[in-house]
Amino acid sequence: MNNHLWRLVHLLALCIMSVSGKVFVSIDCGASVSFTDENSIVWKGDNDLISSGVTYTVQPDHSVSHVMDTLRVFTTRRKNCYSIEVEEGEKVLVRAGFNYGNYDNKSTPPNFNLLFDGNFWVNVNASDFKIYEAIYVVKKKVISICVAQTKPNHLPFISSLEVRSLDSQLYSKIGTNYALLLHFRDAYATNQTIRYPWDPYDRVWLSSGNTTLVHLRNDASVIDVNVPDDPPQAVLMNAIATENITRTITLGLGTFYYPIRYPAYINFYFSETKELNSSEIRSFRIFKDNVPFSLPIVPRFGKVVEYTISNLSITTDTNFSIESLGDSTLPPLINAFEMFLISDALNDGTNNNDVEGLASLQNAFSVLQEWGGDPCLPAPYSWEWIECSNDYIPRVTSLNLSSFNLNGPLPDFSKMDALKTIDLHNNSLTGPIPKFLGTLPNLKQLNLGDNQFTGSIPRSLSKKSNLNLSYTGNPVLCTDGKSCKGSGNNKMPIILGVTIPSVFILVIAGVLVVRHNRNKASVPSHTGDTGRMENDLRGGMQGTKEQVVELKGISEERFYSSPTPLLGGGQQM
C-alpha cells in the first residue's frame with residue numbers, strides 16, 4: 001500500500017479504538033520511558049505499574065527489537081504480577097513477550113510459569129525469543145498477568161506485555177469459560193508482518209512466504225471481510241497456490257509450546273485472487289491426515305470464505321492438506337491460517353469477599369501492596385502470607401502477618417468470614433482491638449501479641465469460648481485486673497474525679513456534725529456537778545475517773561441516739 005493509504009488506515013484504526021473506548025495497552029517491561037514504534041503503537045515503561053523486580057538490558061548481540069531489549073527480572077515472592085483495568089465481561093487479547101538476551105552474562109536461560117487471572121497459561125522456556133498470546137472473556141474488572149518461579153535460581157522475567165479489547169463476536173465458537181491459546185497465525189505470501197493499524201485489533205499475522213508454492217496477488221481493491229472472525233483485508237491481499245491441480249498444499253503444525261492434550265480451534269481463510277471467466281472454477285477440500293475433512297470450498301472474488309474447526313483433537317503428527325476437487329480447473333489456494341489450542345476451563349478466582357478484605361489490608365499497609373494477581377490461584381502460587389481452602393472458589397482461611405512491620409490501626413476485613421487463624425504478632429499495630437474479630441464465625445487462633453493496641457479486650461473476643469487468644473506484649477492494653485494506661489476507653493480517671501471530691505465533702509460534713517453534738521453536750525446544766533464537770537473539762541481541768549466516764553457516757557449516748565448516720569448527710573436532735 002502507498003503512504004497515503006497507510007495514513008488513512010492508521011487514522012481509521014485510531015478512530016475505531018478511540019470511539020469504542022476499549023483497552024489498548026502496550027508495556028515495555030524494564031523500560032523507564034515511552035516511545036512510539038514503526039506501527040504508531042505507543043509503548044510505555046512499567047515503572048508506574050509494578051514496584052518489584054530489577055530492570056536489565058539484553059546483550060547487544062541478542063537484540064531483537066527496541067521493546068525486547070529491556071526486561072524486568074523478579075527475585076522475590078512466588079509470583080509477580082501486572083494488573084490492568086478492563087471492563088468486566090469483555091473479550092481481550094493478551095500478549096506477553098520474553099527475550100532472555102543473556103542479560104546476566106551467565107548463558108543460563110530460566111524456565112518458569114506464565115499465569116493469567118489465576119489460571120495456568122504456559123511454561124516459559126526462555127532458551128530463545130518467545131511471544132505468547134491468549135484470547136478470553138474476563139470475569140472481573142482487573143486482569144492480572146503473572147510470572148512464577150518453578151525452579152531454584154531460575155528467576156522469572158518479562159520483556160513486553162500487551163492487552164487489546166476484541167469485539168465480542170470474534171472467536172465465539174467456544175464458550176466464554178475457555179481461553180484460546182495461540183499456536184500460530186500466518187498470512188501467506190506476504191513479505192512483512194501484518195498487525196495494527198492494518199488489523200485494528202492488533203492481531204499479529206506473521207509472514208509465511210513459502211517459496212515452493214506459487215505466490216498470488218489479489219486483484220480486488222476492496223475485500224468484504226464480513227465473516228465471524230473479521231480478518232483484516234491486508235492478509236487477504238496475497239495467497240499461495242500449487243502449480244497445478246494435481247499438487248497439494250500441505251500445512252504442518254510446527255512445534256507445540258502447549259500441552260498437546262488441549263483440543264484445537266482452527267480458522268482457514270480463502271479469497272479468490274482474480275475475476276474468473278465462465279470456463280474457470282476453483283474448488284477444493286481440506287483433508288486431515290489424508291482423510292477428507294471439509295465440504296467443498298469455492299472461494300469468491302472480493303469476499304472471504306472462513307472455515308472454522310473447533311474442539312478438534314490433534315497430535316504432534318497431525319497435518320492438514322488442501323486438494324483440488326475433480327471439477328476444478330484451478331489449483332487450490334489459501335490466504336491465511338490461525339490455529340489455537342483451547343485451554344482448560346477457567347476458574348472464577350478467589351471468593352470476592354476475601355478479595356475485598358485483602359484489598360482493605362493492602363490499602364492500609366503499603367508493605368503488602370507488592371503482592372498482586374489472584375490471592376489463592378493457581379494453588380501453588382498463593383500469596384505467601386495467606387493460606388487458602390481447596391474449594392472450586394477458594395476461601396482464605398489463614399492470615400500470617402507476623403513480623404511484617406505493620407504500623408497503624410487494623411482496617412475492617414470482617415467479610416473474610418472463613419478465617420480460622422490470624423497471626424498479627426510482633427508488629428506495631430495501634431488503636432483498639434476491632435470488635436469484628438470476635439464475630440468471625442470460624443476463628444480458632446488469634447495472636448495479637450507484641451503490638452501497641454490500646455483499650456480493652458472486646459467482649460466479643462473474651463466471651464468466645466473456642467478461641468485461642470494471645471495478646472501479651474501490648475503494654476498499654478487494658479486486661480483483667482490491670483489499669484488502662486493511655487486507653488481511650490479508660491474510665492478510671494472519671495470515676496476517681498467524681499468519687500474523691502464526694503468523699504471529701506462527706507468527711508467534712510461528718511466532722512462538723514461531731515463538733516455540733518459536742519457543743520450541745522457542753523451547755524451548762526442546773527444539776528450542778530455534771531455541768532461543772534463539763535466546764536472543767538472544756539477548760540483543761542481534770543476530774544476524777546468516775547466523772548470522766550460519766551461524761552463520756554452522756555456524750556456517746558446523745559451522739560449515737562441520732563436517727564441519721566454520720567455519713568447520711570445530717571443529724572436530727
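Just so it is clear, the structure is predicted and the values come from calculations on it, not from any experiment. Computed over heavy atoms, backbone and side chain alike; hydrogens, waters and symmetry mates excluded. Counting begins at 1 with the first residue of the sequence.
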Asker: Just verifying a value: how many Å separate T472 OG1 and D450 CG, rounded to the nearest 0.5 Å?
Answerer: 6.0 Å
Asker: What's the separation between atom CD in Q369 and atom CD in Q362, rounded to the nearest 0.5 Å?
Answerer: 7.0 Å
Asker: How many angstroms lie between atom CD1 of I393 and atom CG of D348, to the nearest 0.5 angstrom?
Answerer: 5.0 Å
Asker: May I ask you to decide whether D117 forms a salt bridge with K139, counting only side-chain N to carboxylate O separations under 4.0 Å?
Answerer: no
Asker: Could you list all the salt bridge (Lys or Arg N to Asp or Glu O under 4.0 Å) pairs where at least one residue sits in residues 402-427, not counting sequence neighbours?
Answerer: E356-K415, R395-D417
Asker: Is it true that the side chains of T350 and D374 contain a donor and an acceptor less than 3.5 Å apart?
Answerer: yes
Asker: Does a sphere of radius 6.0 Å around NZ in K444 hold more than 12 heavy atoms from other residues, nucleotides or ligands, not counting ones at 6.0 Å or beyond?
Answerer: yes
Asker: Which heavy atom of T57 sits nearest a heavy atom of Y103, and at what distance?
Answerer: O-CB, 3.8 Å
Asker: Please walk me through it: do C376 and I386 pass side-chain contact (heavy atoms from CB on, under 4.5 Å)?
Answerer: CA-CA 8 Å; C376 294; I386 66 173; 4.2 Å; yes
Asker: Any donor and acceptor pair, going by atom type alone, linking the side chain of R78 with main-chain N or O of S382 inside 3.5 Å?
Answerer: yes
Asker: Looking only at side-chain N and O atoms, does E306 offer a donor or acceptor that is under 3.5 Å from a partner on T308?
Answerer: yes
Asker: What pair of heavy atoms forms the shortest contact from C29 to D46, and how long is it?
Answerer: CA-OD2, 3.4 Å
Asker: Only one of V58, N99, I158 forms a side-chain contact (heavy atoms from CB on, under 4.5 Å) with L71, so which one is it?
Answerer: V58
Asker: Show your working on side chain to side chain donor-acceptor pair (under 3.5 Å) between N426 and S403 and close with a plain yes or no.
Answerer: CA-CA 5 Å; N426 196 29; S403 305; 2.8 Å; yes
Asker: Do the charged groups of D344 and R261 touch, with an N to O distance under 4.0 Å?
Answerer: yes
Asker: Using every non-hydrogen atom in the two residues, find where A179 and I174 come nearest and quote the distance to one decimal.
Answerer: C-CD1, 4.4 Å
Asker: Taking D229 for the side chain and Y171 for the main chain, is one N or O donor matched with an acceptor at less than 3.5 Å?
Answerer: yes
Asker: Check step by step if side-chain contact (heavy atoms from CB on, under 4.5 Å) holds for E133 and E162.
Answerer: CA-CA 9 Å; E133 179 185 303; E162 303 165 79; over 6 Å; no
Asker: With a 6.0 Å cut-off (strictly less than), is the heavy-atom count around CG of D37, excluding the residue itself, greater than 12?
Answerer: yes
Asker: Do E338 and W205 have side chains that approach each other closer than 4.5 Å (heavy atoms only, starting at C-beta)?
Answerer: yes
Asker: Inspect the surroundings of CG in D48 and state if more than 12 heavy atoms from other residues, nucleotides or ligands are less than 6.0 Å away.
Answerer: no
Asker: What distance separates M339 CE from F268 CZ, expressed to the nearest 0.5 Å?
Answerer: 9.0 Å
Asker: So which heavy atom on A126 is nearest to which on P109, and how close?
Answerer: O-CB, 3.2 Å
Asker: S83 and V142: which non-hydrogen atoms are nearest, and at how many Å?
Answerer: CB-CG1, 3.7 Å
Asker: Rounded to the nearest 0.5 Å, how far does CG of L401 lie from NE2 of H425?
Answerer: 11.5 Å
Asker: Judged by modelled atom types alone, do E90 and S165 share a side-chain donor-acceptor pair under 3.5 Å?
Answerer: yes
Asker: Closer than 3.5 angstrom, by distance alone: can the side chain of W383 be matched with the main-chain N or O of G372 as a donor-acceptor pair?
Answerer: yes
Asker: With rounding to the nearest 0.5 angstrom, report the NZ to CG distance, K106 to N153.
Answerer: 7.5 Å
Asker: Between the main-chain N or O of L440 and the side-chain N or O of K464, is there a donor-acceptor pair closer than 3.5 Å?
Answerer: yes
Asker: Looking at every heavy atom in both R203 and R95, which two are closest together, and how far apart are they?
Answerer: CA-NH1, 4.2 Å
Asker: Quick one: which of Y307, Y269, F184 gives a ring-ring contact (aromatic ring centres under 6.0 Å, His included) with F337?
Answerer: F184
Asker: Closer than 3.5 angstrom, by distance alone: can the side chain of D354 be matched with the main-chain N or O of N351 as a donor-acceptor pair?
Answerer: no
Asker: Yes or no on side chain to side chain donor-acceptor pair (under 3.5 Å) for T315 and D317, after CA distance, side-chain angles and deciding distance?
Answerer: CA-CA 5 Å; T315 71; D317 297 325; 4.7 Å; no
Asker: Aromatic ring centroids of F413 and F436 under 6.0 Å?
Answerer: yes
Asker: Under 6.0 Å from the NZ atom of K44, do we count more than 12 heavy atoms belonging to anything else shown?
Answerer: no
Asker: Are side-chain heavy atoms of I309 and Y265 found at a separation under 4.5 Å?
Answerer: no
Asker: Going by ring-ring contact (aromatic ring centres under 6.0 Å, His included), F98 matches just one of W121, F112, Y257. Which one?
Answerer: F112
Asker: Checking the side chain of N451 only, and the main-chain atoms of G449 only, is there a donor and an acceptor separated by less than 3.5 Å?
Answerer: yes
Asker: Whether the side chain of N347 engages the backbone of G118 through a donor-acceptor N/O pair (distance < 3.5 Å, no angle test) should be reported.
Answerer: yes
Asker: Salt-bridged, E88 to K141, with N to O below 4.0 Å?
Answerer: no
Asker: Is atom CG of N105 surrounded by more than 12 heavy atoms (other residues, nucleotides or ligands) closer than 6.0 Å?
Answerer: yes
Asker: Do the two ring centres, one from Y56 and one from F157, sit under 6.0 Å apart?
Answerer: no
Asker: Taking CD in E85 as the centre, count heavy atoms belonging to other residues, nucleotides or ligands within less than 6.0 Å. Is the count above 12?
Answerer: no
Asker: Does any non-hydrogen side-chain atom of N468 lie less than 4.5 Å from one of S470?
Answerer: no
Asker: Go through it in stages, so that I can follow the logic: the residues are W371 and E384, the test is side-chain contact (heavy atoms from CB on, under 4.5 Å), and I'd like the CA-CA distance, side-chain angles, deciding distance and then a yes or no.
Answerer: CA-CA 9 Å; W371 277 266; E384 285 85 343; 2.6 Å; yes
Asker: Does N427 reach the main-chain N or O of N405 with its side chain, forming a donor-acceptor pair under 3.5 Å?
Answerer: yes
Asker: Would you confirm whether H154, through its side chain, and N111, through its main-chain N or O, come within 3.5 Å as a donor-acceptor pair?
Answerer: yes
Asker: Determine whether a donor-acceptor pair (N or O, by modelled atom type, separation under 3.5 Å) exists between the side chain of N474 and the backbone of L448.
Answerer: yes
Asker: Tell me which one of T421, L467, L399, I433 satisfies side-chain contact (heavy atoms from CB on, under 4.5 Å) with L446.
Answerer: L467
Asker: Side chains of Y381 and N113: is there a donor and an acceptor less than 3.5 Å apart?
Answerer: yes
Asker: Do the side chains of V163 and I143 get nearer than 4.5 Å, heavy atoms only?
Answerer: yes
Asker: Using 30° and 60° as the class boundaries, would you call the ring planes of F24 and Y196 parallel, tilted or perpendicular?
Answerer: tilted
Asker: With sequence neighbours excluded, what pairs up with D128 under the side-chain hydrogen bond (donor to acceptor under 3.5 Å, both in side chains) test?
Answerer: K130
Asker: Please report the C-alpha distance between W43 and S160 in whole Å, then the side-chain angles of each, then the deciding distance to 0.1 Å, and finally whether the side-chain contact (heavy atoms from CB on, under 4.5 Å) criterion is met.
Answerer: CA-CA 9 Å; W43 293 84; S160 66; 4.2 Å; yes
Asker: Please check if any side-chain donor atom of S32 sits under 3.5 Å from a side-chain acceptor atom of N47, or the reverse.
Answerer: no
Asker: Would you indicate whether the side-chain heavy atoms of L437 and I422 approach each other to under 4.5 Å?
Answerer: yes
